[in-house]
2 protein chains.
Amino acid sequence: MKDVQEMTEKWVYLFSEGNRDMRNLLGGKGANLAEMTNAGIPVPPGFTITTEACNAYFKGGKQFPKGMWEQVLGALKAIEKQTDKRLGDPSNPLLVSCRSGARVSMPGMMDTVLNIGLNPTVLEGFAKLTGNERTAWDAYRRLIQMFGNIVKGMDRHAFEAILDKYKEKTGGGKDTDLTVDMLKDLVRDFKALYEKELGETFPDEPHDQIKQAIAAVFESWFGAPATAYRNAEGLPHDWGTAVNVQTMVFGNMGEGSGTGVAFTRNPANGERVVWGEYLLNAQGEDVVAGIRTPQPISRLADDMPEIYKEFLEICERLELHYRDTQDVEFTIERGKLWMLQTRTGKRTAFAAVKIAVDMVREKLIKKNEALLRVNPNQINQFLHPRFDPVAVQKAKAEGRLLAQGLNASPGAATGIAIFDADRAEERGESGEAIILVRPETNPEDVHGMVLAQGILTQKGGMTSHAAVVARGWGKPCIAGCEEIDIDLDSRQLTVNGQVIKEGDQISLNGTTGEMFAGEIATVEASFEKEHDLVTLLGWADEIRQLGVWTNSDTPDDAARARAFGAEGIGLCRTEHMFFGEERRPIVVKMIMSDNPDERIELLNQLLPFQREDFEEIFRKMDGLPVIIRLIDPPMHEFLPPLEELLVTINQLELELKNKPSSTKAKELKSALEEQKRVLKVVRSMWEVNPMMGLRGCRAGIMYQGLTEMQTRAIFEAACNVTKEGIETHPEIMIPLISHVNELKLERSKLEKVAKEVMAESGEEVDYKFGTMIEIPRAAITAEKVAKYADFFSFGTNDLTQMTYGVSRDDAEGKFLRQYVGLGILEANPFEVLDREGVGVLMRMAVEKGRSAKPDLEIGGCGEHFGEPNSIEFSHIIGLNYVSCSPFRVPIARLAAAQAALRHKYGRKS
Amino acid sequence: MKDVQEMTEKWVYLFSEGNRDMRNLLGGKGANLAEMTNAGIPVPPGFTITTEACNAYFKGGKQFPKGMWEQVLGALKAIEKQTDKRLGDPSNPLLVSCRSGARVSMPGMMDTVLNIGLNPTVLEGFAKLTGNERTAWDAYRRLIQMFGNIVKGMDRHAFEAILDKYKEKTGGGKDTDLTVDMLKDLVRDFKALYEKELGETFPDEPHDQIKQAIAAVFESWFGAPATAYRNAEGLPHDWGTAVNVQTMVFGNMGEGSGTGVAFTRNPANGERVVWGEYLLNAQGEDVVAGIRTPQPISRLADDMPEIYKEFLEICERLELHYRDTQDVEFTIERGKLWMLQTRTGKRTAFAAVKIAVDMVREKLIKKNEALLRVNPNQINQFLHPRFDPVAVQKAKAEGRLLAQGLNASPGAATGIAIFDADRAEERGESGEAIILVRPETNPEDVHGMVLAQGILTQKGGMTSHAAVVARGWGKPCIAGCEEIDIDLDSRQLTVNGQVIKEGDQISLNGTTGEMFAGEIATVEASFEKEHDLVTLLGWADEIRQLGVWTNSDTPDDAARARAFGAEGIGLCRTEHMFFGEERRPIVVKMIMSDNPDERIELLNQLLPFQREDFEEIFRKMDGLPVIIRLIDPPMHEFLPPLEELLVTINQLELELKNKPSSTKAKELKSALEEQKRVLKVVRSMWEVNPMMGLRGCRAGIMYQGLTEMQTRAIFEAACNVTKEGIETHPEIMIPLISHVNELKLERSKLEKVAKEVMAESGEEVDYKFGTMIEIPRAAITAEKVAKYADFFSFGTNDLTQMTYGVSRDDAEGKFLRQYVGLGILEANPFEVLDREGVGVLMRMAVEKGRSAKPDLEIGGCGEHFGEPNSIEFSHIIGLNYVSCSPFRVPIARLAAAQAALRHKYGRKS
């Protein structure tokens, strides 16, 4: 009685009995096959033995649970009925495959056993059916080989050794060169090996083969590879694996047969046309092997019009069922079409956008789904020039790929190599396409970088100066390209023995990090013409709750960002307004002066320049807010570096000792005095840790008149453009606040200037004063800081540095990359926002800040805010906007929409 | 009927009707006078008009509330009865004072009006009674002057001008030179001025004088000074002021009269003997003025034996009543002793400790009260040699005080000035007393600092290297003494035109920051002989919940700290174990090597030295825990500075160009090559912000074998001393953790070494592995970090730097001091722990850490943990211990006890 009861438990499901929600019971593969079957797709019939059967197998001391084998036999009968084939019947043999399939895909699990059901008798019938004796014998020798190796655990090298022996006898030495006779001998030798090794004969009875294969799949669950894989991934050992037994179909059964692969839409450009290729009278591996050239799928319309029609209908049905483009494999066996596999089709960025938008138009999916179908980072590809793929292929074939660096800023560029900024400026201005090559860059190289088409540096990481500036401008950049060796004196670089001289053509692919010798044809980008993308981003704008602003320092950047959809400037840095031919000498004089009145006078000389800068930016951002950060870096950055001064002074002193002429001596002495004067100032300003020294608001507080001048320039500019009819909303951002009293003091000082200027001009400007939150203490005391701030803006670069206690400049190459390599860090926290550490402070700042001032405007302007994961976090904690470099604006728009679809906005911790 | 009812409200309290709890109604002064009166102390009788009367005065349109004046008259009658004097009675006149008195003392309120009740008639009787006509007229002219100025608001300069006119007529030109006749003329002129200005005659009727004085005191509540004061302090305006009317007594009424001041115990040494001085037939101001030399109080036993006895009894009663040493003023009027004031007596550190301990022995106070009677910082005075005060007085008189710097480390020292560490070491070893004078110090000066008696630096703040090291060793140090100008080449300093050469004697008072020329006699300190202090600290130990450990790097420090009561070492730094004659060359070689095997070999050479260091420390700390911090600073600190190398290389290159002999050239070339090799390494290791670069655990992770060697040395030492019978509890502290995975990796690596060593030696050591919490992220993620830490130790120096985004080295002189000056910061956050910012992170770390591991040992070892305010915070958040430099250990013991008496331990936020 007990047996009968246990038999009532269901261990085996026909494909027609399952669906995709039964993944835990049937495994991923089994559930998918069931889903397809029930969607009316012609899938070769089969059944799945459940994961519970596997667990019961082990629980019962490696015995099939009671009733399971009987259910397998029943399922086999059902398949025979569906296929009109029979196991062991030479006239119409049923062959099956046997595969494992756990809940999640587990590479390292047992492989597939194919061709189960073959034996010498069946083989003859099979040969007749396919009209190909060779294929039949080859299939049989494969079965023995797989069975011996996979099911019985025999060493696969022993089989290979025998195979190699026969291959040597052929002319070509390949599998396909073996003759039928050779294959017959091979089968004999394989069977002999099998008997010798295992002490038993090869099981030629089909049911026996199936039984052993099923047990072997069960056993594989606790095999070394699968166990190790689960341990590494932290997966439970009690999930068990399912076993899928499926009818084999053959595309090589003569003229009415064939096989192919296809996408339901073009994966390159997204066109709504089935795209793929096929071979007649061939098996799947023949398409992949490339021995015969496959035909484009459209030709099938001529070869098999009915099948083609059915295939197109199935593709349509698959898209309707799965609601996405599918990548399918199919086989036609003697006039019958079978679908072997369907999965979501991989696609290019361009195809992804077009397909998503088209499917909405076709009412196949909703806008919200379309938005989730595109990876925001892929959008990058729309915004930058790219190399013609064919040209790249050619260049690689010609050996012109010279080196691989970090893909620091996407896009492609080709031009002549130039090794210093001045020369780059000079030749760039004369209209030549320039690639600036430097060991690394710093703010003094910026004038050359502006004119370069691309930037290549030997050192520095993804957040080096070159990388950050280049990304900001959307210029391609390869950083940290350590294979190249730059000789600045002789103006050339050496890379793997090849020399590139100044003026030689090179090409950079900033998207991949590849550097080439010579020119490569590029394709220009045009955002406005990417209609589907513009449509998709329009939908993103409808859904997102985060504003998307931009970090732009110049009118050109501002205009570009606005075209990309930026809704304001979240960070306009002002440091560059102190550089430049006319300005820098004034700045240096100002710093060197110890007379406060003279300083103020010099600052006043700078004012008109900066006012003009601001006016132009305000015009470009007519109607939108502009957050301007007051000067942030330490003032000593405007003076020559200590090291340089020391060397100069030393040389001057030694020249003086060399008894020069009296005129010369006088000159030298005067130069020496001047250099020493500068040295004294530089020394007095020198800092051990400049990042945490006299900068930001601290400099504003200590240098009388500096931020007042900036504020005056901003408000004079705002009043002037207001008179022109421009609508402007300046927001003054005071950097590096660690104590509320710093803000209180600076704000009151600057607010006074603002009011003065407005009174002078008679214009009213809609302005705000706020602060960056970039020091941990400002976040911790945000409820106090908020009392004197109209807005907060997270500066996550500095906030990450201080929260982590890591100086970005020092850490990247010295330990941060190594940390990621060692698995200490999952990601570089300067690339992906550290939610666990920095994020806690951000959340604290948002909650405390809004507790004091519920309508406090809070955004972020660090590098992170163009990165989708960080944008998602910004949405979760309820920022008002993210601000990123112009070229990240479209990415941020989509990422913000996806965040809105996935998470509640402003969730409390 | 209404009037009668209102009369029932009580507006006036005799002193005998109040007590000290009635401060709100009677004001502070009134409540205290009432308290004394009721304690049976002979206080000149008087009464207080309530603060409510003041409020009613304003509410009623500046009218005395109904019934108040009648109550005043009644109170006056009562006084007349008590004193047997009468207002306006020339034979025995009652004179009174009239004073304001609010709830809290308010400087800027109305002053006192004295001598109320005098008029020409009374004056004559008063003159007879005192036998001094001059005094009587002088008192009268003062009354008119005060009344005119304070009650009537007349310009005091007008009175002064008249007074000056008369003073010019005398020989001496002082008040006391005025004759009776002159005073009579003066009174006439004052009254004429009064009439002219106010259009009324001066009120000679005593009740009239009182009435107007009371109204004037009420009015003063809303006078400009008092209103401004309340606004500034945020005090409410509706408190009102009380008015105290009190009998005046006179110590100058002939032979049976006198006046004096006294302490109930000696305020210098705490002896239980009344200590003070008096003058017969004199008024209070005569004692202060110094015209006559007062007598020691003991002489009163001869002059007035009865009065003296009564006075001693009163002192006793005052101590019993107030339960503390009192500072009293008294007057004897015609054989009657009156106490004018009593308040808590100020005292020296030595007196404070003795009095507190004595009073417990006398059962006057409890131990807990005794503990609160001593300011922990005062204890410093017990621990350091001090200058003989008389010798200091003499030195100042001789003009030997040369400069004033920061009092960076307390104590006094005298010795010869030496300007470099090597010379200091050399001469110090030969037994000379040395004062090391440097522009500032760094770790390379330590060998010289060890042998110096005191340290003087021109630059650097309270937390400069010199200051920190000196405090650690208890050596006097003056830092940031910017008046001195050091010329290292000529080995001398110039200060205010005076030159101190090498070998000249100088003296430093590190407690005050004063620097002297020449020798000054010192008094040595001996903690063990300070029996009262040892007793008091014993009581502190009974009460405190915080452990007190010490930051000690050497066996000597450890022994000293243990004598001071340290219960463990909370921070044993190991950097110094890499310096030293024999060790440094090995370290440099190790850093320069690029061969990992060679590095390990070199590290092994260091091991025996460090093992010995640890053994000695473990012996000294037998039975107590020792927390050893693995190497923390960046490795490039062991190489020569970049600047130095550049100069050397430049000189070598130019010497080579000068066509030297071929032998010389060879030498130079080889030296140049070596220097360039070093330069290359230094350059590769150079960091923009070394504080946040490759140091702490980061260096441990990146430099294979470094921390393994340290760990091996520690455990070999621990096993060795265990064999000697020493009980040791090493705790290995891994610095600069920002991510738990750093700790996880380091810990597993080092734990392996620990187990190996113990297995090798066969000893079991009770050890812990833990981490510093000194990076904000470690605090924020403390619940994760705690999983791999047996203990936390707050490194608040770095934690403050990073939380504030302030580099201590750079900030002190460049903006931090200025910030304190500008009021942006209340205190330097490196001196007093910033509870509002850094404290929030500490609390977070404690709560999160203990949530993951409830028995987690948590302490702190930053500079802050020897500072009472920060120790109090440590108690509040529930640290297990604080660790401070040896000389702060006694201070910390007392501060911890006070914290325990004032706050609940481990209060949740």
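Chain naming here is simple, since letters A, B, ... match the order of the sequence lines and numbering starts at 1 in each. These numbers come from a predicted model, not from an experiment.
If you measure heavy-atom distances from B/Lys657 to chain A, you find no contacts under 4.5 Å at all. Only the side chain of A/Leu654 comes within contact range of chain B, with at least one heavy atom under 4.5 Å from a heavy atom of that chain. Neither the backbone nor the side chain of A/Lys744 has a heavy atom closer than 4.5 Å to any heavy atom of chain B. Residue A/Met844 touches chain B through its side chain alone, counting heavy-atom pairs closer than 4.5 Å. Interface residue A/Met702: only side-chain heavy atoms are found under 4.5 Å from chain B. At a 4.5 Å heavy-atom cutoff, the contact between A/Thr781 and chain B is made by side-chain atoms alone. Looking at A/Leu745, only its side chain comes within 4.5 Å of chain B, counting heavy atoms on both sides. Within the 4.5 angstrom heavy-atom criterion, no atom of A/Leu736 approaches chain B. A/Ile701 touches chain B through its side chain: at least one heavy atom from C-beta onward sits under 4.5 Å away, while N, CA, C and O do not.
Per-residue heavy-atom pair counts under 4.5 Å with chain A were compared for B/Ile780, B/Val740, B/Leu825, B/Val688, and the maximum is reached by B/Val688. The residue among B/Glu774, B/Arg683, B/Gln801, B/Glu655 with the most heavy atom pairs within less than 4.5 Å of chain A is B/Arg683. Between chain A and the residues B/Arg698, B/Glu687, B/His739, the most heavy-atom pairs under 4.5 angstrom are made by B/Arg698. Heavy-atom pairs under 4.5 Å with chain A peak, among B/Ala699, B/Gly823, B/Ser738, at B/Ser738. Most heavy-atom pairs under 4.5 Å with chain A: of the set B/Val806, B/Asp798, B/Val838, this distinction falls to B/Val806. Note: A/Gly837 leads A/Ser684, A/Gly837, A/Pro829 in heavy-atom pairs under 4.5 Å with chain B. Counting heavy-atom pairs closer than 4.5 Å to chain A, the top-ranked of the candidates B/Ala811, B/Gly693, B/Pro690, B/Ala779 is B/Pro690.
Using a 4.5 Å cut-off between non-hydrogen atoms, the part of residues 640-648 of chain A that approaches chain B consists of A/Leu642, A/Glu643, A/Leu646, A/Val647.
Summarising the local packing, CD of A/Glu575 is surrounded by more than 12 heavy atoms from other residues, nucleotides or ligands at distances under 6.0 Å. Around the NZ atom of B/Lys749, the shell of radius 6.0 Å holds more than 12 heavy atoms that belong to other residues, nucleotides or ligands. Surrounding OH of B/Tyr703 are more than 12 heavy atoms belonging to other residues, nucleotides or ligands, all under 6.0 Å away.
With sequence neighbours left out, the side-chain contact (heavy atoms from CB on, under 4.5 Å) criterion links B/Ala789 to B/Leu743, B/Thr771, B/Phe792.
Residue pairs that meet the ring pair (Phe, Tyr, Trp, His ring centres under 6.0 Å) test with at least one member in residues 803-828 of chain B, sequence neighbours left out, are B/Phe815-B/Tyr819. The stretch residues 832-841 of chain A participates, sequence neighbours left out, in these side-chain hydrogen bond (donor to acceptor under 3.5 Å, both in side chains) pairs: A/Asp834-B/Arg777, A/Arg835-A/Asn869, A/Arg835-A/Glu872, A/Glu836-B/Arg777.
A pairwise comparison of heavy atoms in B/Gly805 and A/Ile775 identifies N-CG2, 3.9 Å as the closest pair.
We find the CD-CD distance between A/Glu653 and B/Gln651 to be 8.5 Å, quoted to the nearest 0.5 Å. Note that CG of B/Leu841 is 6.5 Å distant from CG of A/Leu841, once rounded to the nearest 0.5 Å.
Annotation: side chain of B/Asp810 is not in contact with side chain of A/Met692 (no heavy-atom distance under 4.5 Å).
Judged purely by atom type and a 3.5 angstrom limit, A/Asn689 uses its side chain to pair as donor or acceptor with the backbone of B/Met691.
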